[in-house]
Amino acid sequence: MATNAIDQTRRMLSLVTYLRERPGAHVQDVARAFGITEDELISDLDVLPMCGTSFRGGDLLDIDTDGDRIWWHNPDDVAEPLRLAADEATALLVAARAVATLPGLRESDRDALVRATAKLETAAGESGAASSRLSVTFEAEGGVFADVDRAISERRRLWLRYYSPARDELTEREVDPIRLFAVGHTYMEGWCRLSEARRTFRLDRVAEIRLLDAPAAPPELELRDLSAGLVQPAAEDPEVVIEVGTGGRWVAEYYPHDSAEELPDGGLRITLRTPDPASLRRLALRLGGDGRIVTPPELAASAREAAREALAAYEDAV
C-alpha cells in the first residue's frame, strides 16, 4: 500500500513511544508490530535522529541500530515537557493553519489538526494571538482545486494549459472532470478531449484553468483502485531495463518495478514496465553518469541522442 507523508509521520510518532518502552527491541519484532518491512523501519530510523524537541537543532533523538536491535541512548533527555519559544509557537501555528486548508487532506486528519491547533493557541497565549495575524496560502493549487471541484459539482467541462514533464511542454486541452483524489499530490481524473482517453492531471502542473459552458459528458468508466498507488503498470506494458550506479539507487524507491538486482559495483539492474517508455528519457538525462537504459535498444539509443543534444546545447551556450 502506498504510504503518504501523513501516514509516515503518524507511524514515526508512535514508534518513538514504542521504542521508549522497549529498550534494545529487535528490528524484526518492531517491524512486525507496525506492519511494515524491515527496510521501511530502517528508513524511519534513519530519519528519527534528525528529530528532537527544538527547532534550533538541540536535544535530538540519539537512536541507532546494529541491524538486529534498536537502541535509544538519550530517552530521558527529551522526556521533559516541551517548552516552545515565542517564534517556535508562531511558526507551528501558522504552519498548522496552512496545512489544515490543503485539499486532499483526510477529514479525520484535518479535524485532529484543528483540535491540536486550538490547544496550542491556548498554551501559547500572546504568541498564539500574534500568529493569527499571519497566514500562508497555497493559491495556485488551491485555486485549481476550487475550479475543478466546482466543475465536478456543476458537471461542466474545463479548459486547461497543462505542463507535461514527460514531453517538457505546455499543452492546451479540454477535459471532462471525473473526480479529485490525493496520492502524495492532489490529482484530477478526467476524460481528455485532446487524446480521447482517460487521463490523470496533477493540480500543481496546471498553468491555467477555465470553466466552460459546455456540459461535461465523460463516458461511463470504472474508477481505478488507487490503494496500491497511482502508478500501476500492467503486465502487457513494454519492459524497460535500467542499470544505475550507487548514486542512482533511489530510482528503485520512486519507480514501481518488477525486480531490482544488485550489481557488483553497488548499483542496481532495475526491470520495470511502463505504457510510455519514451517518458524515461528524462530519467536517463537526470541520472547522467549514474545510470543508463539497457533495453529496449531503440529507447537506449534515443536517450543517448538526447544526452548528446543536451551536451551540445550546453557547449554552445558557454
Within the 4.5 Å heavy-atom criterion, are D149 and L180 side-chain neighbours or not? yes
More than 12 heavy atoms of other residues, nucleotides or ligands under 6.0 Å from CZ of R155: yes or no? no
Could you tell me which non-hydrogen atom of W72 sits nearest to which non-hydrogen atom of V16, and how far apart they are? CZ3-O, 3.2 Å
As an exercise, state the distance from CG of L19 to CG of D44, rounded to the nearest 0.5 Å. 10.0 Å
Is it true that W191 and L194 fall in one hydrophobic cluster, defined by side-chain heavy atoms closer than 4.5 Å? no
Got a second to check how far E208's CD is from W159's CH2, nearest 0.5 Å? 4.0 Å
Note: A25 and V30 closest approach over all heavy atoms is CB-CG2, 3.7 Å
Would a 4.5 Å heavy-atom cut-off, applied to side chains only, mark E262 and R249 as touching? yes
Side chains of R269 and V241, heavy atoms from C-beta outward: is any pair under 4.5 Å? yes
Are R20 and Y18 in a cation-pi contact, defined as NZ or CZ under 6.0 Å from the six-membered ring centre and within 45° of the axis? no
Can D258 and R273 be said to form a side chain to side chain contact (heavy atoms under 4.5 Å, CB included), step by step? CA-CA 7 Å; D258 294 339; R273 295 181 182 277; 3.1 Å; yes
Any non-hydrogen side-chain atom of V244 less than 4.5 Å from a side-chain atom of L287? yes
Walk me through it: do I70 and D64 pass the test side chain to side chain contact (heavy atoms under 4.5 Å, CB included)? CA-CA 6 Å; I70 304 169; D64 64 29; over 6 Å; no
Atom pair CD (E239) and OG1 (T271), whose distance is rounded to the nearest 0.5 Å: 5.5 Å
Residue pair L15, F34: steps toward the side chain to side chain contact (heavy atoms under 4.5 Å, CB included) verdict: CA-CA 8 Å; L15 185 59; F34 281 82; 3.8 Å; yes
Can you tell which of V294, L272, T295 makes a side chain to side chain contact (heavy atoms under 4.5 Å, CB included) with I242? L272
For residues E174 and L212, determine if any side-chain heavy atom of one lies less than 4.5 Å from a side-chain heavy atom of the other. yes
Taking every non-hydrogen atom, the tightest pair across G248 and D290: N-CB, 4.1 Å
Would you say the side-chain atoms of D62 pair up with the backbone N or O of H73, donor to acceptor, closer than 3.5 Å? no
The criterion is side chain to side chain contact (heavy atoms under 4.5 Å, CB included); which residues satisfy it with R69, sequence neighbours excluded? H26, D66, W71
Residue pairs fulfilling salt bridge (charged side-chain N to carboxylate O under 4.0 Å, His left out) with at least one residue in residues 296-307, sequence neighbours excluded: E305-R308
Heavy-atom closest pair, residues V175 and G190: CG1-CA, 3.9 Å
For P218 and P177 the tightest heavy-atom approach is CG-O, 4.4 Å
Distance in Å, Q28 CD paired with L41 CG, rounded so as to fall on 0.5 Å steps: 11.5 Å
Side chain proximity check, T186 to F145, heavy atoms < 4.5 angstrom: yes
Any side-chain heavy atom of C192 within less than 4.5 Å of one from R173? yes
Are E38 and R32 ion-paired here, with the side-chain N under 4.0 Å from a carboxylate O? no
Main chain of G67, side chain of T65: is a donor-acceptor contact present, judged purely on distance under 3.5 Å? yes
How long is the straight-line distance from CZ of R161 back to CZ of R210, given to the nearest 0.5 Å? 10.0 Å
Show your reasoning for whether side chain to side chain contact (heavy atoms under 4.5 Å, CB included) applies to L45 and I63. CA-CA 7 Å; L45 295 177; I63 295 177; 4.1 Å; yes
For the residue pair L268 and L263, establish whether any side-chain heavy-atom pair is separated by less than 4.5 Å. no
Between R156 and D213, what is the shortest heavy-atom contact and its length? NH2-OD1, 3.9 Å
Interatomic spacing from CZ in R198 to CG in D176 - rounded to 0.5 Å: 13.5 Å
